[in-house]
Structures are given as C-alpha cells and as structure tokens.
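Working notes, beginning with the structure itself.
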Amino acid sequence: MEVITVTDAAHLARIHWTAELAQTHGSAVTLVDHVRQELTDLLGLDACRFEYGTLIGQPPRLRSDGGVTVGRRPWDVDAVGWPDGEIELRAHGNGRYLDRFMLTPGPGPVPPLRARLVAVTLADQTGSALDTAGEAGAG
C-alpha cells in the first residue's frame, strides 16, 4: 500500500508542476521540453520528441484510456509489451487533436496503467496550453 501511495504522490506532483508551468505562460518550448522529460522519466523511454500538428503515417498510439492500438487493433501492452517502433501520444486542446509526442520505449517493463494515464494527462495539458496560447500546430 505504501508503494502505491508514494507512486500516486509522485504522479500527482508531475501533473501539478506541469499545470503550474502551463499557467505561468512560459514559452511553448519550455513547456514541451518539460513534458518531454517527464514522459521520458515516467515511461522509461529511450527518446521522446514533439511534433507540432504533424499527423503522418499510422504509428502505434497510446490512447486516452492508457491502452495502445496498432492500426485500428487493440494491442495488449500489459501482456506483450510495447509494439516495435515509435508510439504516438496525441496532445489535445478543446477536444481536438493538435500536436503529438513520439515515444521511443526503452528496455524494461511497460509502465503500469496509472503511469500511462498520467502520460496522457501531461500530453493533454501541453495541448491545452499551446491551444490557449495560440501556439498549437506552430512549428
């Protein structure tokens, strides 16, 4: 139980700090860099990059429910691990797709659902902040 409490506190701190950064109206680059680092740490990634407004190809996608799809098919990430290649994590603002993070999983286990849901929240905080600032899709 203590591990879950500590993990939940760390997740909440990530969300809170990102929300605070987004509200201070710092630069888009600062916010995106912050979230890229948070995602890398949270999900144990080898790499994470951000694409403004790009929607090329159909890479595997980390969905808003923490699940993964490859093409239009569900991928049981908990049973078989991450799919090969980069994974798209879309950033939404005002209910619409704006930009995306491209995740390169590292070695090791797939993070638990809670961590994946925090990742989705961080991406959407980025999308909302960029949309509000009028910087979504700019780049």
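- Across P105 and L45, no two heavy atoms sit closer than the pair CA-CD2, 3.9 Å.
- Atom-to-atom distance recorded for F101:CZ and L39:CG is 5.5 Å, nearest 0.5 angstrom.
- The backbone N or O of T104 sits nowhere less than 3.5 Å from a side-chain atom of W82 that would complete a donor-acceptor pair.
- To the nearest 0.5 Å, atom CD of residue E86 and atom CD of residue E51 are 7.0 Å apart.
- Annotation for L113: hydrophobic cluster partners, listed by chain and number, are L117 (ILVMFWY side-chain heavy atoms under 4.5 Å, direct or chained).
- Screening D78, L89, L42 for a side chain to side chain contact (heavy atoms under 4.5 Å, CB included) with R116, the sole residue that qualifies is D78.
- Of the inter-residue distances, the one linking R61 atom CZ with R72 atom CZ reads 9.5 Å to the nearest 0.5 angstrom.
- No side-chain heavy atom of H34 sits under 4.5 Å from any side-chain heavy atom of T30.
- At a threshold of 4.5 Å between side-chain heavy atoms, the hydrophobic network of Ile, Leu, Val, Met, Phe, Trp and Tyr places V118 and V120 in one connected group.
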Quick one: do V35 and F50 satisfy side-chain contact (heavy atoms from CB on, under 4.5 Å)? Show the steps, please. CA-CA 10 Å; V35 173; F50 187 74; over 6 Å; no

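- Checked options V70, V110, L62, T69; the residue passing with V77 is V110 (criterion: side chain to side chain contact (heavy atoms under 4.5 Å, CB included)).
- The closest side-chain heavy-atom distance from M102 to C48 is not below 4.5 Å.
- The nearest pair of heavy atoms linking P83 to P60 is CG-CB, 3.6 Å.
- Rounded to the nearest 0.5 Å, atoms CD (E38) and CD (Q125) are 10.0 Å apart.
- When the salt bridge (Lys or Arg N to Asp or Glu O under 4.0 Å) test is applied to D65, the partners found at least two apart in sequence or on another chain are R63.
- Q37 and D33 share no side-chain donor-acceptor pair at under 3.5 Å.
- Separating the CD1 atom in I87 from the CG atom in L43 is a distance of 9.0 Å, to the nearest 0.5 Å.
- Under a cut-off of 6.0 angstrom, the local environment of CG in D76 is crowded, with over 12 non-hydrogen atoms contributed by other residues, nucleotides or ligands.
- Taking CG from D99 and CZ from R90, the interatomic distance works out to 11.0 Å, rounded to the nearest 0.5 Å.
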